[in-house]
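What follows is a set of notes on a single structure, which appears directly below.
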Amino acid sequence: MHEKTIAELSLGLKNKAFSSQELTQAFLARIQTLDPELNAFITVTEDMALASAKAADALLAKGEAGPLTGIPIAQKDIFCTKGVRSSCGSKMLDNFISPYDATVVERFNHAGAVMLGKLNMDEFAMGSSNETSFYGPVKNPWDTGTVPGGSSGGSAAAVAARLTPGATGTDTGGSIRQPAAFCGITGLKPTYGLVSRWGMIAFASSLDQAGPMARTAEDCAMMLQAMAGFDPKDSTCVDQPVPDYSATLGQPLDGLRIGLPKEFFGEGLDPEIARLIQAAVDEYRKLGATVKDISLPNMHLSGPAYYVVAPAECSSNLARLDGVRYGYRCAEPKDLKDLYMRSRGEGFGAEVKRRILIGTYALSAGYYDAYYLKAQKIRRLISEDFKRAYEEVDVIMGPTSPSAAFRFGEKSADPIAMYLSDIYTIAVNLAGLPGMSIPVGFSGKLPVGMQIIGNYFSEAQLLNLAHRYQQVTDWHRRSPSL
Amino acid sequence: MQWETVIGLEIHAQLATKSKIFSGAATAYGAEPNTQACAIDLGLPGVLPVLNQEAVRMAVKFGLAIGATVTPRSVFARKNYFYPDLPKGYQISQYDLPVVGNGQTTIAVDGEEKVIGITRAHLEEDAGKSLHEDFHGFSGIDLNRAGTPLLEIVSEPDMRSAKEAVGYMKKLHALVRYLEICDGNMQEGSFRCDANVSIRPKGQEKFGTRAEIKNLNSFRFVEKAINFEVERQIEILESGGQVIQETRLYDSVKDETRSMRSKEEANDYRYFPDPDLLPLEITPDFIETVRAGLPELPDAKRDRFKAAYGLNAYDAEVLTATRELAAYFEAVVHAAGSDAKLCANWVMGDLAAALNKAGLEIEQSPVQPDRLAGLVQRIADDTISGKIAKQVFEALWESDETADAIIEKQGLKQITDTGAIEAIIDEIIAANPDQVAGYKSGKDKLFGFFVGQAMKATGGKANPAQLNDLLKKKLQ
């Protein structure tokens with residue numbers, strides 16, 4: 001059962017081939033067996049899952065089920081879930097039980113999905129390897145000596161290991177796409193503003209966006225359908241109708257114009273990955289697409305801009321974690337300053353502290369113009385690069401990450417090397433565009449992902465593109481031997 | 001050395017919205033601690049602010065009332081600092097692009113008019129309250145106030161005395177209440193200010209170093225704090241010292257200002273645009289809708305009162321101090337049909353005194369405008385004298401009856417019949433030959449005795465002017 005996609009499971013539930021309770025139990029059992037090694041889950045919500053599955057079965061019996069009714073999914077621990085620990089991968093929130101549901105969580109609940117539990121992640125989504133989690137690193141199911149990517153590493157590993165058919169992720173600089181690539185699954189970061197951020201613990205508010213992670217584009221379409229749409233509780237959420245993402249899957253690609261930015265194929269890219277991307281692009285040629293070399297001339301500035309904007313926002317977003325109202329508080333503070341300093345000093349990990357320091361510095365009087373304001377200008381330049389590109393092409397393709405999954409400890413001592421892992425993904429967040437990663441082959445035994453970047457609100461097109469590729473390839477069907 | 005004082009005020013007016021500026025929690029004052037704070041006000045992980053449109057409407061209303069520019073695209077910024085009653089670790093405010101910019105208002109001090117520039121007014125959220133008493137070594141935090149909408153109104157450094165500062169503050173206090181955007185309750189902190197005070201040698205253009213006095217919540221404190229601060233700065237400079245830029249607190253018990261923190265200790269607030277909120281766009285249509293709904297403003301009303309009712313500047317100023325008082329006065333005039341000056345005297349005189357004594361606001365007056373008008377009419381048409389009128393007014397205050405009914409019932413109608421008054425005078429003259437002789441021998445003061453006797457005999461109802469004339473004639 002665990003090898004089936006969400007679409008297949010949905011059909012099975014409708015045809016009464018199995019019940020949601022059987023399905024849920026099967027995945028819970030798999031989690032129990034495999035997760036002690038993989039460490040993809042921070043919290044497994046077994047009782048809640050079984051209760052939701054029972055309710056889903058009642059709806060299925062009455063014929064009142066929707067496409068996700070009874071489908072098990074898991075939530076990245078960045079989403080607040082009512083009555084359940086919502087830790088964000090941090091010691092700081094290890095004791096935080098949210099009194100409310102994130103909109104994304106609420107929408108999955110409303111759609112009848114069954115939450116299996118909360119997934120491991122880099123602390124406050126800051127990291128590209130899952131090594132910064134307070135709960136220990138997640139292991140890549142394809143090679144447990146390598147990282148699953150980050151920050152949605154728990155989500156990617158859980159889907160790849162078939163511990164859940166689908167998971168939510170969030171992506172601030174590549175946190176859905178890079179782990180999806182490392183774990184050989186399909187992940188979509190939607191256009192900024194498509195999915196509500198309410199209840200999603202903020203890292204960098206102007207970049208954060210939630211999206212689906214699953215085995216196939218078809219499954220991502222089903223999940224996105226539930227997640228997307230206006231939410232009056234998020235002022236940055238766009239009020240516009242949501243298309244039927246599943247309905248447009250399978251449309252022909254004749255005349256599709258693909259752009260390959262030369263900046264994505266330069267120095268630093270593993271040649272094996274370059275080869276696999278070219279092979280995938282060839283598949284698209286066969287499907288009727290034309291390919292054009294393009295340039296995104298300001299791409300080299302995206303890293304510097306990102307590492308000012310994201311830390312600046314996080315330094316402010318994480319200020320509320322002060323030990324006063326909730327979360328970690330140091331033992332026996334001697335005064336207010338001591339309470340602040342020790343609660344934050346003991347509650348946050350090194351990477352989070354590094355980014356808070358960088359961000360605080362960048363926003364300080366006398367530095368603001370040189371860093372934050374300049375970074376905002378670069379953001380505009382990068383958006384304009386993409387805008388110009390989309391006058392010539394419909395989508396942009398390239399590698400998701402310069403390498404396949406790396407080994408634990410390989411980059412954790414060198415922040416810059418770690419940051420380069422997201423070099424192809426962060427520009428997409430800076431511009432607010434949608435981007436996907438789909439599996440396009442293997443480098444040795446490790447999966448490789450290709451990134452597809454679309455224009456604003458082109459999720460339906462991206463999902464269709466990915467789906468067409470997955471109809472003629474089977475990389476997404478491969479599973480790791482565990 | 002002659003010193004000149006320079007003052008600028010930052011006024012915080014709590015906007016009278018029902019819910020908070022970025023959440024749906026209620027703003028009512030005085031609830032049990034932390035019962036009016038929702039997840040957003042508590043700054044829980046994952047919550048997001050959504051701007052209250054009513055707060056925007058109120059800010060625009062204020063902007064239009066001071067002839068200011070309403071910024072078509074203003075920006076909310078985060079002001080970052082740590083404090084236990086600031087749940088998010090930042091306050092959402094506006095920084096370089098405020099919603100209202102560049103307006104002005106005219107104040108009158110000692111009969112002189114003066115224009116005070118208003119640099120800007122911006123929207124922001126209030127913090128919670130720290131309670132340092134009753135917790136035995138701990139501090140309590142009440143977040144009911146966290147997220148309450150404030151309009152911070154920043155003046156130019158245009159005021160030159162504590163009196164002008166108070167005049168300006170009173171002016172804005174009246175204005176925000178006219179606009180119904182703030183209840184103006186200073187005791188509850190709905191209307192408070194920080195005063196920037198500096199001095200410079202008279203004639204010097206360059207400003208002196210200023211001190212900022214925080215959180216003044218009464219007109220009296222503003223005046224006293226500024227006066228103390230000016231004296232303090234003069235003493236420092238005259239003894240060869242230098243004023244340091246710092247934040248000071250006013251202690252109303254000791255009537256002095258004390259240093260809170262110096263410029264060096266001041267926070268670097270690391271302002272940046274709040275990524276959770278879109279820029280605030282205000283369309284010309286919206287501005288026009290708000291403009292159409294503006295009430296008559298205090299200055300316009302004052303000028304109209306002068307022109308339409310022939311009131312002097314002082315009366316017009318007093319009667320337009322609040323919208324309620326002006327409405328009351330106009331209702332009296334309309335009901336009385338004439339004699340606006342007499343109406344004004346009664347509203348500002350006996351009625352105001354009685355209300356003050358009873359601790360009532362004008363809208364709570366037990367004497368309604370039409371009943372006061374009834375009294376004014378009877379004074380105007382000589383049915384009763386001014387003195388009797390006071391008696392009638394007391395009865396109006398105590399009962400629900402009309403002035404006419406009271407005059408009728410108590411037989412207070414003025415005696416204006418010459419014959420009747422003459423008859424009474426004749427009796428008094430006949431009964432008091434000694435006094436008559438005395439008066440005629442030059443004791444002018446005795447005239448009052450005869451008036452008193454006549455009034456006594458008529459129960460005070462004799463028309464005083466007629467009585468005087470007739471007495472004089474008879475005693476010649």
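Both backbone and side-chain heavy atoms feed into the values below; hydrogens, waters and symmetry mates do not.
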Contact part of B:Tyr271 toward chain A, heavy-atom cut-off under 4.5 Å: side chain, backbone, both or neither?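 Contact with chain A: backbone only.
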
Per-residue contact mode, B:Asn80 against chain A (heavy atom under 4.5 angstrom):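 Only the side chain of B:Asn80 comes within 4.5 Å of chain A.
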
For [X], which atoms come within 4.5 Å of any heavy atom of chain B: side chain, backbone, both, or neither?
| X | answer |
| --- | --- |
| A:Leu318 | neither |
| A:Tyr192 | side chain |
| A:Ser86 | neither |

B:Arg78 side chain reached by A:Leu363 side chain, heavy atoms, under 4.5 Å: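 A:Leu363 does not reach B:Arg78 side chain to side chain.
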
Rounded to the nearest 0.5 Å, how far apart are CZ of A:Arg325 and NZ of B:Lys88?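 Separation between the atoms: 9.5 Å.
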
Any chance you could measure A:Ser235, atom OG, to B:Phe76, atom CZ, to the nearest 0.5 Å?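 Here the rounded value is 10.0 Å.
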
Contact summary for [X] and [Y], nearest pair of heavy atoms:
| X | Y | value |
| --- | --- | --- |
| A:Arg320 | B:Gly43 | CD-O, 3.2 Å |
| B:Phe272 | A:Ser316 | CE2-CB, 3.5 Å |
| A:Asp234 | B:Val50 | N-CG2, 4.4 Å |

May I ask you to list the residues in residues 54-61 of chain B that approach chain A closer than 4.5 angstrom, counting heavy atoms only, ordered by number?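 So no residue qualifies.
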
Whether B:Asp268 side chain and A:Ala365 backbone form a donor-acceptor pair below 3.5 Å: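 Indeed, once roles are kept as given, a pair shorter than 3.5 Å links the two residues.
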
Please enumerate all residues that pass side-chain hydrogen bond (donor to acceptor under 3.5 Å, both in side chains) together with A:Asn429, with sequence neighbours excluded.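 side-chain hydrogen bond (donor to acceptor under 3.5 Å, both in side chains) list for A:Asn429, sorted by chain: A:Asp171, A:Arg177.
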
Heavy atom to heavy atom, less than 4.5 Å: which residues from residues 196-204 of chain A reach chain B?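 Counting heavy atoms that sit under 4.5 Å from chain B, the residues of residues 196-204 of chain A involved are A:Arg197, A:Trp198, A:Gly199, A:Met200, A:Ile201.
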
Tabulate, in ascending numerical order, the residues of residues 93-106 of chain A having at least one heavy atom closer than 4.5 Å to a heavy atom of chain B, or enter 'none'.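 A:Leu93, A:Phe96, A:Pro99, A:Tyr100 fall under the 4.5 Å cut-off.
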
Among B:Asp276, B:Asp274, B:Leu278, which residue forms the greatest number of heavy-atom pairs with chain A at distances under 4.5 Å?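 Top count of heavy-atom pairs under 4.5 Å with chain A: B:Asp276.
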
As an exercise: rank B:Tyr83, B:Tyr90, B:Phe82 by heavy-atom pairs under 4.5 Å with chain A and give me the winner.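 Between B:Tyr83, B:Tyr90, B:Phe82, the count favours B:Phe82.
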
Taking every heavy-atom pair that is under 4.5 Å apart, which of A:Val324, A:Ile78, A:Asn317 has the most such pairs with chain B?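 Sorted descending by pairs with chain B, the first entry is A:Asn317.
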
